[in-house]
Structure formats: C-alpha cells, structure tokens
Amino acid sequence: MNDTTSTLESVTSRDGTRITFDRQGDGPPVVLVCGGSVDRMSNAGLAAILASDFTVFNFDRRGRGESGDTQPYAVQREIEDIQAVIEAAGGSAGLFGSSSGAALALEATAAGAAVTKLALWEPPYILDENARPPKDQVQQYETMIAEDRRGDAAEYFMTQVVRLPADFAAFAKTQPWWPAQEALAHTLKYDAIIMGDYSLPARSAAAIKVPTVVITGTASMPFMAVTAEALAKVLPSGEIRSLEGQEHNVDPTVLGPVLKEFFAA
C-alpha cells in the first residue's frame with residue numbers, strides 16, 4: 001500500500017503533556033524522532049517514503065508544533081514522550097532518530113522503550129574534546145530566551161554549535177524560513193541537554209540489545225564517520241552504513257530505501 005495521506009493525532013505523555021504526531025501508511029510501525037532546530041516536518045519527506053511499507057508515526061517533540069511543553073524540561077520526559085508514541089503505535093515499534101534526535105532515540109531505547117530496531121542518522125557525538133561546542137551552551141540559551149533574543153539563540157546554534165560560517169548565519173536571517181528558527185529557539189536548550197558534553201554514550205549504547213544501524217554521509221562533517229565507527233563498536237548489535245555523497249541534511253530519497261531494508265529485515 002502506498003498511502004501518501006496522513007492524519008494528525010495526539011497522545012498524552014506520562015506527565016500530562018500532549019504530543020502530536022502524523023500517522024501515515026500501513027504496515028509495521030516505525031516512529032521518527034527529529035533533531036535540533038526543527039520540528040516533525042523535517043521528517044515529512046522520509047515519512048512519505050516509508051509509508052509505502054510501514055505505518056509511520058512522525059511526531060513533534062515537546063515544545064514544537066502543536067505538542068505541549070510542560071516545564072521543567074528533562075530528558076526523561078522526552079523519553080516518556082517516545083514511549084507514549086510507541087504505545088499509540090501498538091506497543092512496540094522500529095525507531096529512527098536524526099542528529100540530536102538520534103541521541104534521544106538511543107537514550108530512549110537504552111532506558112527500555114519497546115523498540116524492535118533502532119536506526120540512527122549521524123548522532124553528533126564528538127570524540128575530540130577540543131572540537132566540542134561551548135560548555136556553557138545551555139546557560140547561553142537560557143539567557144537569550146529569557147531576554148527574548150530568539151534570533152541570537154538561533155544564530156548561536158548555527159555559528160557556535162554547528163560551526164557554520166557567520167556569513168551563512170547572516171544569509172539565513174534573510175530567508176523566509178528564519179522565523180521558524182526563531183520560533184523553535186527555546187528548544188535548542190533541550191537538545192543541548194540531551195547531548196551533554198557530546199562524549200560517546202558508551203554505557204547507554206552497551207545496554208541496547210536490539211539491532212541498531214548507525215548511518216552517515218560521505219560528504220558530511222568528517223567527525224561523523226569516526227563517531228559512527230566508535231558507536232557501532234560499543235553497540236552489542238551495531239552496524240554502520242555510509243551513504244555516498246550525502247551531507248548532514250540528508251536526501252530522504254537516498255536514506256529512505258536504506259531504512260526500508262533495515263526495518264523490514
């Protein structure tokens with residue numbers, strides 16, 4: 001069945017927060033977790049491709065879209081959100097996470113979420129301590145958001161965390177999608193908390209017993225491949241896939257078939 005239509009639904013997480021998701025397709029359930037500075041629409045293209053073979057649950061993480069944002073924030077609350085979506089999917093599901101969303105998906109699986117298989121797109125752990133983002137990242141975001149400097153927070157993420165050139169950030173501010181970046185700026189803190197010190201989560205990874213694939217792109221930042229290799233070594237059932245010519249902003253028509261093969265096997 002190739003079902004391109006989706007329905008917006010919601011589930012209540014353990015702390016009472018409403019989590020919204022698109023349900024699309026027909027088949028075994030797969031849940032998609034977006035990364036930092038984006039909402040579920042970043043996975044919409046991928047969801048449409050997977051929907052030919054799976055029932056896809058593409059949800060807005062708390063603080064994004066129509067999902068709630070109960071305070072105080074804690075990574076455990078986001079893990080519970082994933083568990084709630086998996087319950088809505090029937091009690092168990094394949095789980096895909098992108099970037100810092102991959103780090104969240106990994107932690108949810110390690111914590112015991114009913115995940116059948118785990119797929120991670122470029123979780124941005126950084127083995128080189130000298131190449132990691134500023135240690136006061138969370139505090140920086142808290143200050144900027146408290147002062148209603150959402151644009152500054154979004155620019156800080158681009159230039160100091162992702163380390164894009166200042167010229168790109170200046171260009172980004174002129175684009176029609178910039179207001180969406182500002183609207184999501186308060187969630188940048190959440191992803192910074194998830195990533196912690198950006199070190200490899202060896203203990204969490206070692207607790208994951210389900211088949212796991214770590215996928216990277218050959219045109220992405222060089223540290224991603226190094227990270228993937230190190231992560232796969234500590235995953236009990238880990239493997240690596242590399243997508244030729246793909247950058248961090250991966251083409252869903254390239255990633256989709258790889259995920260179909262992995263989740264169907």
Side-chain angles (χ1 to χ4, degrees), residues 22 24 30-51 56 58-61 63-65 95-106 118-126 131-133 137 151 153-185 187-188 190-192 194-195 198 213-229 231 240-262:
D22 285 321
Q24 186 174 1
V30 173
V31 174
L32 308 183
V33 185
C34 69
S37 80
V38 295
D39 60 17
R40 78 180 191 281
M41 297 313 296
S42 66
N43 280 331
L46 183 61
I49 292 168
L50 294 178
V56 184
N58 184 22
F59 77 100
D60 264 327
R61 290 170 51 192
R64 306 161 202 244
L95 186 63
F96 166 79
S98 175
S99 194
S100 52
L104 175 59
L106 184 150
L118 177 64
L120 308 173
W121 171 253
E122 296 199 332
Y125 307 114
I126 303 174
R132 292 172 181 168
Q137 184 185 173
E155 181 178 2
Y156 180 90
F157 173 73
M158 286 184 175
T159 60
Q160 303 301 311
V161 179
V162 184
R163 299 194 175 182
L164 295 170
D167 287 350
F168 178 82
F171 164 78
K173 292 179 181 180
T174 69
Q175 298 305 296
W177 44 265
W178 183 254
Q181 291 292 293
E182 292 189 345
L184 289 167
T187 66
L188 295 171
Y190 304 167
D191 288 85
I194 290 166
M195 294 308 303
Y198 286 78
V213 62
V214 187
I215 313 170
T216 62
T218 62
S220 190
M221 294 159 279
F223 78 86
M224 291 293 189
V226 177
T227 292
E229 184 175 350
L231 183 57
I240 303 171
R241 288 292 302 271
S242 181
L243 305 185
E244 186 67 32
Q246 290 301 301
E247 300 178 344
H248 190 58
N249 188 20
V250 63
D251 182 345
T253 66
V254 176
L255 177 59
V258 174
L259 293 180
K260 281 186 179 183
E261 178 185 356
F262 174 70

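Residues that satisfy the salt bridge (Lys or Arg N to Asp or Glu O under 4.0 Å) test with Arg132, not counting sequence neighbours, are absent from this structure. Contacts of Ser99 classified as side chain to side chain contact (heavy atoms under 4.5 Å, CB included), with partners at least two apart in sequence or in another chain: Pro124, His248. By the side-chain hydrogen bond (donor to acceptor under 3.5 Å, both in side chains) test, Lys173 pairs with Glu155, sequence neighbours left out. With sequence neighbours excluded, the residues that form a side chain to side chain contact (heavy atoms under 4.5 Å, CB included) with Glu247 are Ala219. Shown here are the side-chain hydrogen bond (donor to acceptor under 3.5 Å, both in side chains) partners of Asp39, two or more places apart in sequence or in another chain: there are none. Tyr190 meets the ring-ring contact (aromatic ring centres under 6.0 Å, His included) test with Tyr73; sequence neighbours excluded. Residues passing the side chain to side chain contact (heavy atoms under 4.5 Å, CB included) test with Gln175 are Phe171, Trp177, sequence neighbours excluded. In terms of the ring-ring contact (aromatic ring centres under 6.0 Å, His included) criterion, Phe262 has no residue partners (sequence neighbours excluded). Legend: residues meeting side-chain hydrogen bond (donor to acceptor under 3.5 Å, both in side chains) with Asn249, ordered by chain and number and at least two apart, are absent. Shown here are the side chain to side chain contact (heavy atoms under 4.5 Å, CB included) partners of Val226, two or more places apart in sequence or in another chain: Leu127. Arg64 meets the side-chain hydrogen bond (donor to acceptor under 3.5 Å, both in side chains) test with Asp191; sequence neighbours excluded. Glu261 pairs by the salt bridge (Lys or Arg N to Asp or Glu O under 4.0 Å) definition with Arg241, not counting sequence neighbours.
Not one N or O on the side chain of Thr187 forms a donor-acceptor pair closer than 3.5 Å with the backbone of Gly63. Side chain of Glu182 to backbone of Ala154: no donor-acceptor contact under 3.5 angstrom is found.
Residues Met224 and Thr216 approach most closely at O-CG2, 3.6 Å, considering heavy atoms. The minimum heavy-atom distance between Thr218 and Ser242, with the atom names listed, is CG2-OG, 3.2 Å. Across all non-hydrogen atoms, the minimal contact from Asp60 to Gly65 is OD2-CA, 3.3 Å. Taking both residues in full, the closest heavy atoms of Leu259 and Phe96 are given as CD1-CD1, 3.8 Å, listed atom of the first, atom of the second, then distance. Among all heavy-atom pairs drawn from Gly45 and Pro252, the shortest one is C-CB, 3.9 Å. Closest non-hydrogen pair, Val30 versus Leu50, comes out as CG1-CD1, 4.5 Å.
Looking at Ile126 and Met195, their side chains never come closer than 4.5 Å, going by heavy atoms from C-beta outward. No side-chain heavy atom of Trp121 sits less than 4.5 Å from a side-chain heavy atom of Leu46. Contact of the Val161 side chain with the Tyr198 side chain is registered, since non-hydrogen atoms from C-beta on lie closer than 4.5 Å. Within the 4.5 Å cutoff, the side chain of Pro123 has no heavy atoms near those of the Leu106 side chain.
Counted within 6.0 Å of CD on Glu229, heavy atoms from surrounding residues, nucleotides or ligands total 12 or fewer; the atom is thus considered open.
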Exercise. Please assess Val250 against Glu122 for the test side chain to side chain contact (heavy atoms under 4.5 Å, CB included), listing each intermediate value before the final yes or no.
Key: CA-CA 10 Å; Val250 63; Glu122 296 199 332; over 6 Å; no
Quiz item: So Arg40 and Asp22, side chain to side chain contact (heavy atoms under 4.5 Å, CB included) or not? Walk me through it.
Solution: CA-CA 9 Å; Arg40 78 180 191 281; Asp22 285 321; 2.7 Å; yes
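Between atom CD1 of residue Ile215 and atom CG of residue Leu120 there is a gap of 8.0 Å, rounded to the nearest 0.5 Å. Separation of atoms OG (Ser42) and CG (Asn58) is listed at 7.0 Å; rounding is to 0.5 Å.
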